[in-house]
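Following: one structure in structure tokens, then a few remarks.
Keep in mind that what you see is a predicted model, and the values were worked out from it rather than measured.
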Amino acid sequence: MTFFSPTQVFLNYRGEQLRRSFVSHLIDAFERNEINFFVDKYEQRGKDLKNLFLRIQESKIALAIFSTRYTESSWCMDELVKIKKLADKRKLHVIPIFYKVKVEDVRKQTGEFGDNFWTLAKVSSGDQIKKWKEALECIPNKMGLSLGDKSDEADFIKEVVKAVQCVVATIGLEEEENHFGKKKRKDCKCELPDLKKSRTKKL
């Protein structure tokens, strides 16, 4: 089954920490399962930020991959603000991924994740900090997946792929209904936890 284009899934993550490990393995899994995606391999600065915002707008799904060093990067944080803005308008489905970081540390900017955030905040404007905090408090409340320190990463990647495929299928049904008119919807149950009610689904 080939999923529709343009860019299907946008990956928001801390490149220096995850590019050659988790994200590399995730990309391989996406390619094997014919999932279209965009990943910024170089985190170039300046004018390319606008290009990345365009890529986010073109996407149907965004994976916000939180890790301990995520908040070292204003680049990651600015992307997250854009992702939240589009999600608030129901133009983007967001799946938060907690890679060896606690959900509460992301929500409340505590632990090592929080230490890095407040270090970045010292050299940032008040307006930036406000928007970043709003995004960090909002996105983790969406349905997502969490990988613990002792979890099997290969199994976790399979779960991420399944979650993305389920959301893609749901989007496809919604677009079909919008195009042809409403009809009986096929069941598509996404087995993702509601993080407002539970810590997260740990693997």
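Contacts of Ser67 classified as side chain to side chain donor-acceptor pair (under 3.5 Å), with partners at least two apart in sequence or in another chain: Gln17. In this structure Glu31 satisfies the salt bridge (Lys or Arg N to Asp or Glu O under 4.0 Å) test with no other residue, sequence neighbours excluded. Remark: Lys133 pairs with Gln109 by the side chain to side chain donor-acceptor pair (under 3.5 Å) rule, at least two apart or across chains. Every ring pair (Phe, Tyr, Trp, His ring centres under 6.0 Å) that Phe66 has, sequence neighbours left out, goes to Tyr70, Phe98.
Residue Phe10 holds its CZ atom at 9.5 Å from CZ of Arg55, rounded to the nearest 0.5 Å. The distance from atom CZ of Arg14 to atom CG of Asn116, rounded to the nearest 0.5 Å, is 9.0 Å. Between atom CG of residue Leu120 and atom CG of residue Asp115 there is a gap of 12.5 Å, rounded to the nearest 0.5 Å. The CG atom of Asn12 lies 10.0 Å from the CG atom of Leu52; values are rounded to the nearest 0.5 Å. Between the CD1 atom of Ile95 and the CD1 atom of Ile139 there is a distance of 11.5 Å, given to the nearest 0.5 Å. Between atom CG of residue Leu92 and atom CD1 of residue Ile61 there is a gap of 8.5 Å, rounded to the nearest 0.5 Å.
Not a single donor-acceptor pair under 3.5 Å links the side chain of Ser59 to the backbone N or O of Ala62. Although no hydrogens or angles enter the test, the distance criterion places a donor-acceptor pair under 3.5 Å between the side chain of Asp152 and the main chain of Ala154. Side chain of Thr71 to backbone of Phe113: a donor-acceptor contact under 3.5 angstrom is found. Judged purely by atom type and a 3.5 angstrom limit, Asp105 has no side-chain atom pairing as donor or acceptor with the backbone of Val101.
Comment: Arg107 engages Glu104 in a salt bridge, judged by a side-chain N to carboxylate O separation of less than 4.0 angstrom. Using a cutoff of 4.0 Å between basic side-chain nitrogens and carboxylate oxygens, Asp78 and Lys82 are not scored as salt-bridged.
A salt bridge (Lys or Arg N to Asp or Glu O under 4.0 Å) check over residues 87-103, counting only residues at least two apart or in different chains, returns the pairs Lys84-Asp88. Counting only residues at least two apart or in different chains, salt bridge (Lys or Arg N to Asp or Glu O under 4.0 Å) contacts with residues 61-70 comprise Glu16-Arg69, Arg69-Glu72.
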Assess the residue pair Tyr99 and Glu153 against the criterion (side-chain hydrogen bond (donor to acceptor under 3.5 Å, both in side chains)); give the C-alpha distance rounded to whole Å, side-chain angles, the decisive distance to 0.1 Å, and a yes or no. CA-CA 10 Å; Tyr99 183 84; Glu153 191 168 301; 3.0 Å; yes
